[in-house]
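Taking it in order: structure first as structure tokens, then the write-up.
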Amino acid sequence: MIQVLDSTLSNMIAAGEVVERPMSVVKELCENAIDAGATAITVEISGGGLEMMRVSDNGSGIAPEEVETAFLCHATSKISKPDDLTEIRTLGFRGEALASICAVARVEIQTKAYGYDLGAACRLEAGEVIYREETGCAQGTVITVRDLFFNTPARKKFLRKDYTEAGYIEESVRKLSLAHPEISFRYINERKEKIFTPGDARLENAALCLYGKEVARELLPVRNDYEGVRVEGLVGNISLYKKNRSMQTFFVNNRCIVNRAMAAALEEAYKGLLAGGCFPVAMIKLFVDPASVDVNVHPAKLEVKFVNESAVYKAVYWAVKNAISAQKITPMLSVQPETAVQEKTEQPRDIPQPQQDKPPVQRVRETLPLQKYMEPPQPHIPAEPSAETVHMVREETTPSRRMDPALQQTLAAFLEEQQQPKETVKTDEQGIEPPKKDNAPPPETDKAEKPAAAAEEKVQQTGLSLEQLHDYRVIGQLFATYILIEQNGKLIIIDQHAAHERLIYERLVQQRGKRAIAPQQLLLPEVVTLTPVEKGFVLENLSLLEELGFEAEDFGSGDVALRSVPAEVETECISDMFMEVVTLGMKNANSLTPEVQERMLYTVACRAAIKASKILTQQEMEQLVDEVLKTPNTLTCPHGRPVTVALDKTFMEKLFKRKL
Ligand code: ADP
Ligand code: MG
């Protein structure tokens, strides 16, 4: 029998789309407050929002006779005729939020509209009004939502721990405060104030309150007008970066959105200026004619489409490019120290902050496929420093003094071929690579690659028996990257980074097999500042992280303190390594399978391994070679690139035309 669902049931179904988690409630209620013209909004939560969420505003309020209507499905004051749909200037317009929230929680509302002496107070449960009175109250609206999902237990199961849910809420309030610096936001979690912004309409002041002065002073203003697209905002100068994209926020007409063209334009503008694995910090606001943007593509209204994506791309690209070009540019590979600034939410403490004076990490960066939007650089903009970059890499990868240049060249060409198998080769894992022009796929895509097949007869993977292995002679180091050894009539070339990485990885895997990785206590805890969602992830996965060797604990505010790290790890790159592990984990937060955990181990191994371009002593080389030769599974690095290749005598003879 076909029947029309009653409103309670259909609202519960609609709620599934609108109210995914506590954060969605806070976002919808704040958006209503913004639409109501509020200049101050307070968000209070407890129990990760599941227990209680309250949003208070000083906006227009709802007239007493309209309060119940507001909670009906498709009840909205924001549109009334089809034409309104093409010119939406409010955040809400579907009239679904209050009805949906009310269908899956217990809701109280207190509201007083302009021009009324009294306000109304109402209590609703599962969509039904169960109490109502007239009351004296302040101008504006207070909505309290309790026991979210009390009548839909299945939904509740999909939620994460309270602090993760609270993290999502905080992140959402942060974005709203950046979107609306003209509104003063206050966010209180478990009675503690976490966010307060002044509401003075200045984005830089909102950013200062959210991220602290260390970050704020590295931010550059962005401003541009291009074919009807106005761009405003703040971007980090090139010494401010983050190990993931969590500090990139994009807005269109003051709505926080996701859009590929904007994200791509941002990263392209930093091309060659930030090392691989480092991502710019940015808050970019676009103002366009509402008719030229479709905000309807996603139920959560996050992803937008532009009529003219290419204009958007260019507008953002040049806005950012000009902002950073106005600064003194230090190319990525210069010898000048780079300040690794982390997101900061609080004043410095007694405990030393993460080392800020590391030399730049040199890696090929991950880039997005942008070509379709790109135009040749405009002449007044300084050219990208890529030529310089290549030049500098060459200089830094100290050429060997022990070899004839011609032979070196042949070998280099040969090695390059070996290092770039046809299948996916990860760039991110190689401390520094020889200069390459191409861009490799991002780290996540590389799990299944195989080593380059050593097909040509002249090249074989070593594959020697154990007895044979111990009889070798280290010839020396080539390009500060490869160790050359002579063994059984062969020249064996070992990639020092790949080999070391593999060794560490094998050790970690072995220890992991025995449950936990040996931790190394740090003399001083390393304090890492995280976004609320990152911190939520860490706190939720303390025991997994501990099994991987990272002992972390809550250190107040946005910080965690690392007490120990895997024993294999050199201590200078701890926070970067930790961030990479966390970022990887977060991408797979819903299923931290053994495979994902294994990839976390790769990350540790990669960071812990000797970098390419490091000059090794004879003793260090021998130690490494000894270990490589005696450890099984060392023919490829964990990413599948070869660790060793061998050239036999016949190959050399052919090379020198002794034999044809
Ligand atoms: P929408 O925002 O899509 O219109 P909602 O369900 O979120 O739908 O809200 C329904 C209506 O209730 C809104 O159109 C608005 O008139 C009114 N309303 C909701 N929250 C507030 C508020 N904080 N202040 C004033 N009016 C509000
Ligand atoms: Mg709304």
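What's counted below: heavy atoms across the whole structure, side chains too, no hydrogens, waters or symmetry copies. Sequential numbering from 1 along the given sequence is applied to the chain's residues.
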Quiz prompt | Results of side-chain hydrogen bond (donor to acceptor under 3.5 Å, both in side chains) for Glu51 - residues two or more places apart only | solution = Ser46
Quiz item: Taking the six-membered ring of Tyr168, is NZ or CZ of Arg21 closer than 6.0 Å to its centre and within 45° of its axis?
Solution: yes
What distance do [X] atom [atom1] and [Y] atom [atom2] have between them, rounded to the nearest 0.5 Å?
X      : Y      : atom1 : atom2 : result
Arg174 : Cys256 : CZ    : SG    : 12.5 Å
Leu584 : Met579 : CG    : CE    : 11.5 Å
Phe550 : Leu562 : CZ    : CG    : 7.0 Å
His497 : Ile610 : NE2   : CD1   : 9.5 Å

Self-check item: Validation row: Arg260, Glu303 side chains within 4.5 angstrom (heavy atoms)
Solution: no
Quiz item: Should Gln477 and Gln496 count as side-chain neighbours, where that means a heavy-atom distance under 4.5 Å?
Solution: yes
Quiz prompt | Positive for side chain to side chain contact (heavy atoms under 4.5 Å, CB included) with Val235, one of Leu240, Val281, Ile284 | solution = Ile284
Exercise. Scan side-chain atoms only and decide if Tyr472 and Asp626 contain a donor-acceptor pair under the 3.5 Å cut-off.
Key: yes
Quiz item: Regarding Asn244 and Ser246, is there a side-chain donor-to-acceptor distance under 3.5 Å anywhere?
Solution: yes
Short side-chain to backbone donor-acceptor contact, [X] and [Y], under 3.5 Å:
X      : Y      : result
Lys535 : Ser557 : yes
Asn541 : Leu544 : no
Gln520 : Ser564 : no
Gln597 : Leu592 : yes

Exercise. Any chance you could lay out the ring-ring contact (aromatic ring centres under 6.0 Å, His included) test for Tyr241 and Phe279, step after step, and finish with the verdict?
Key: CA-CA 5 Å; Tyr241 63 81; Phe279 300 94; 9.4 Å; no
